[in-house]
Chemist: 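One structure, pasted below without further comment.
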Amino acid sequence: MTQGPVRVRIAPSPSGYLHVGTARTAIFNWLLARHTGGQFLVRIEDTDRERSKPELIEPILDAMRWLGLDWDEDIVYQSRRLDRYNAFAEQILKAGHGYRCFCTAVELEASRVQARAEKGATKYDRRCLALSEDEIRRRTEAGQPYAIRIRIPDGDTKFTDMVSGELSRHSDDIEDLIIARSDGTATYNLAVVVDDHEMGVTHVIRGNDHITNTFKQIHLYHALGWEVPQFGHLPLILRPDKKKVSKRLGDKDVNQYSHEGILPEAMFNYLCLLGWNPKTDREIYTRDELIQIFTPEYLNAANAVFDEEKLEAFNREHIMRRSNHDLAVLVAPMLVEAGLTTKYWLETRWKYLCDVIGVLKERVRRLNDFAAIGGYFFTFEGKYDDEAASKNFNDEAAELLAALAAHIEGLGDLTLENAEQAVNAVAETGGVKKAKVIHPTRLAISGMPAGPGLYDIMALLGRSAVLDRLRRAIDYIRTKQRA
RNA sequence: GACCCCAUCGUCUAGUGGCCUAGGACGACGCCCUUUCACGGCGUAAACACGGGUUCGACUCCCGUUGGGGUCGCCA
């Protein structure tokens with residue numbers, strides 16, 4: 001499909017962090033902009049003074065930067081455009097598309113409660129639309145506060161959604177929404193329409209929880225005499241319990257995944273395939289590949305459950321695609337934070353770090369796993385896995401370890417080859433199977449029951465560290481046997 | 001409750017009337033590889049919600065039912 005350049009936007013409100021739902025909406029918008037050579041814009045919807053928190057803006061932008069979602073123009077802050085919106089509310093009122101509503105919030109709430117009780121729709125009953133000119137003038141002059149509502153014309157409202165096709169709703173089911181509050185400030189729907197129009201947004205792609213708003217906003221475009229943009233309503237991302245992801249329900253901040261060792265390209269790739277797919281059996285793509293192949297036609301209409309296990313599977317694939325050096329840059333601070341080593345030590349032994357990552361790489365799902373399963377490459381305190389120790393540490397093992405240590409002492413540097421030869425020799429002279437030597441040795445030098453190939457570990461650790469740990473294990477076994 | 005959206009394995013999905021005895025991926029299970037754990041390879045279990053139509057023929061089209069989700073604020 002060929003499509004001209006689009007102007008799209010993501011419009012988060014700083015009342016919380018960026019969760020995967022918003023992140024995925026941002027990704028699709030960004031992808032469409034990049035695919036068509038258009039612009040991706042960011043607007044901060046911070047008109048709610050009570051709930052917006054300025055300090056939440058940076059974390060949201062950080063999460064976007066982490067995902068590689070760069071924007072093309074200055075960020076638009078609605079809070080700085082408040083004055084701009086009021087004029088348009090007035091314009092709608094003067095043009096006869098709106099009317100003053102003197103109902104108080106308390107009254108409105110009461111009639112909603114009543115409507116619910118009577119099991120009906122809770123739409124505004126338009127009582128203020130029936131007010132006479134005189135009555136309106138009288139109340140206005142008396143200083144009675146009023147909100148401005150737009151009057152929804154009779155008939156069906158229709159639009160063609162990029163995801164779901166023809167969508168329509170009868171005017172009876174669209175409320176005469178308030179566009180300006182009684183304190184004069186504009187409400188969300190008006191602000192959005194004014195901004196999208198003035199920012200030149202051509203395609204509005206957002207969650208399908210906005211469908212109701214879209215019908216309302218279409219009437220605002222009409223009342224203002226503006227061209228209506230294309231709309232696309234994405235299916236929602238659901239939690240495993242099938243509720244839509246939300247801050248309320250404690251869903252994770254996208255930044256948190258970064259701290260938990262998820263690679264940004266993995267998150268990007270996984271999210272992109274939730275609700276969209278390339279119509280092939282391939283699932284792993286780079287960001288650039290996705291820009292190439294992305295087309296909104298392949299957007300799904302059904303909601304999708306977010307599965308962290310599958311995210312991890314994507315993460316593993318992307319970890320395998322990164323160079324050891326790249327991974328080292330990301331893993332180094334994690335090792336330091338875990339108290340396993342220091343920044344300085346790693347900097348002077350960068351090659352070693354890369355080699356360690358090389359042997360650990362394929363048994364890791366998240367970046368944090370490197371520290372969790374490979375700590376012994378940096379620090380070893382003589383702690384042995386309990387189960388493995390009771391199984392592998394016995395008198396016979398102590399003797400074999402001693403024989404191995406003796407053999408290694410006669411060696412120069414430990415290499416993959418002579419490490420293997422050493423183990424073979426010890427097994428042979430001891431008249432036991434290799435496994436009898438290998439398992440205690442692994443436990444002795446790593447403390448772990450599982451991990452990379454033993455010779456890899458030995459060669460990496462080096463002669464003196466291996467000897468130290470061997471002797472330490474022998475002591476450990478002997479003192480334990482005596483006790 | 002009203003309105004709207006949606007409906008293929010547990011999960012993400014392919015499928016646009018015959019290529020379907022429904023394909024792939026994650027997860028699960030088993031086998032092989034192997035010093036362990038992974039990786040890799042091979043394989044198994046696992047789905048078209050239901051009922052009516054339309055048609056020579058429906059997973060695919062239409063209607064209804066059921067189920068799930070969303071929205072119903074002078075919040076965004």
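Residue numbering restarts at 1 for every chain, and letters A, B, ... go by the order of the sequence lines.
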Chemist: Closest heavy-atom contact between L271(A) and I237(A)?
Modeler: CD1-CD1, 4.3 Å
Chemist: Would you say a side-chain N or O of K242(A) is under 4.0 Å from OP1 or OP2 of rU11(B)?
Modeler: yes
Chemist: In whole angstrom, what separates R316(A)'s CZ from rC39(B)'s C1'?
Modeler: 6 Å
Chemist: Look at the side chain of K244(A) and decide which nucleotide, out of rG70(B), rC39(B), rC74(B), has an atom nearest to it.
Modeler: rG70(B)
Chemist: To the side chain of E362(A), which of rA38(B), rC3(B), rC37(B) is closest?
Modeler: rA38(B)
Chemist: Looking at R365(A), I'd like to know whether one of its side-chain N or O atoms comes within less than 4.0 Å of OP1 or OP2 on rG27(B).
Modeler: yes
Chemist: Side chain of A313(A): nearest nucleotide among rA76(B), rC26(B), rC3(B)?
Modeler: rC26(B)
Chemist: Could you check whether H233(A) and F159(A) have their ring centres less than 6.0 Å apart?
Modeler: yes
Chemist: Considering every strand and a 4.0 Å limit on heavy-atom distances, what is the contact class for L108(A): base, sugar-phosphate, or nothing?
Modeler: base
Chemist: Compare side-chain N and O positions of N300(A) against OP1 and OP2 of rC12(B) and report whether any pair is under 4.0 Å apart.
Modeler: no
Chemist: Which nucleotide, in any strand shown, forms a Watson-Crick or G-U wobble pair with rC56(B), with both distances under 3.5 Å?
Modeler: rG18(B)
Chemist: Side chains of T187(A) and N189(A): donor-acceptor distance under 3.5 Å anywhere?
Modeler: no
Chemist: Side chain of R116(A), heavy atoms from C-beta onward: which of rC72(B), rA76(B), rU13(B) has the nearest atom to it?
Modeler: rC72(B)
Chemist: For E312(A) and rC12(B), give me the distance from atom CD to atom C1', rounded to whole Å.
Modeler: 15 Å
Chemist: Could you state the atom-to-atom distance from CG of D456(A) to C1' of rU35(B) in whole Å?
Modeler: 12 Å
Chemist: With P as the reference atom in both, quote the distance from rG41(B) to rA49(B) in angstrom, rounded to an integer.
Modeler: 32 Å
Chemist: What's the closest nucleotide to the side chain of T187(A) if the choices are rG27(B), rA76(B), rU71(B)?
Modeler: rA76(B)
Chemist: Can you tell me how far C1' of rC72(B) sits from CD of E109(A), to the nearest Å?
Modeler: 12 Å
Chemist: Using the side-chain heavy atoms of E175(A), tell me which of these nucleotides is nearest: rG24(B), rG73(B), rA25(B).
Modeler: rG73(B)
Chemist: Do Y384(A) and S446(A) meet the criterion of a side-chain donor-acceptor pair at a distance under 3.5 Å?
Modeler: no
Chemist: When rounded to the nearest Å, what value does the distance between P atoms of rC26(B) and rU71(B) take?
Modeler: 33 Å
Chemist: How do K123(A) and F314(A) order along RNA chain B: which one's closest nucleotide is nearer the 5' end?
Modeler: F314(A)
Chemist: Return the nearest nucleotide to the side chain of R169(A); candidates are rC3(B), rG24(B), rG15(B).
Modeler: rC3(B)
Chemist: Starting at atom NZ of K391(A), determine the distance to atom C1' of rC37(B), rounded to an integer number of angstrom.
Modeler: 12 Å
Chemist: Any idea which of rC3(B), rU35(B), rC12(B) is nearest the H439(A) side chain?
Modeler: rU35(B)
Chemist: State which of rU35(B), rA2(B), rC74(B) makes the closest approach to the side chain of I178(A).
Modeler: rC74(B)
Chemist: For T47(A) and rA76(B), is the shortest distance between a side-chain N/O and OP1 or OP2 below 4.0 Å?
Modeler: yes
Chemist: Distance between the P atoms of rC5(B) and rC63(B), in whole angstroms?
Modeler: 12 Å
Chemist: Does T122(A) put a side-chain nitrogen or oxygen below 4.0 Å from OP1 or OP2 of rG73(B)?
Modeler: yes
Chemist: Give P452(A) one of three labels, base, sugar-phosphate or nothing, depending on what nucleic acid heavy atoms sit under 4.0 Å from its own.
Modeler: base
Chemist: Using the C1' atom in both, what is the distance from rG23(B) to rA47(B), to the nearest Å?
Modeler: 12 Å
Chemist: Take N277(A) and A435(A), find for each the nucleotide of RNA chain B with the closest heavy atom, and name the residue whose nucleotide sits nearer the 5' end.
Modeler: N277(A)
Chemist: Can a side chain N or O of K279(A) be found less than 4.0 Å away from OP1 or OP2 on rA14(B)?
Modeler: yes
Chemist: Give the minimum heavy-atom separation between L238(A) and K244(A), together with the two atoms involved.
Modeler: CD1-CA, 3.9 Å
Chemist: Looking at T280(A), does any N or O in its side chain come under 4.0 Å of the phosphate oxygens OP1/OP2 on rA14(B)?
Modeler: no
Chemist: From rU13(B), rU35(B), rC72(B), pick the nucleotide closest to the side chain of R442(A)?
Modeler: rU35(B)
Chemist: Can you see which heavy atom on F28(A) is nearest to which on L274(A), and at what distance?
Modeler: CZ-O, 3.9 Å
Chemist: Is R112(A) near enough to rG73(B) that one of its side-chain N or O atoms lies under 4.0 angstrom from OP1 or OP2?
Modeler: yes
Chemist: Using purine N1 to pyrimidine N3 plus N6-O4 or O6-N4 for Watson-Crick, or N1-O2 and O6-N3 for G-U wobble, both under 3.5 Å, which nucleotide pairs with rC39(B)?
Modeler: none
Chemist: Establish, yes or no, whether the cationic atom of R151(A) lies under 6.0 Å from the six-membered ring centre of Y99(A) and within 45° of the ring axis.
Modeler: no
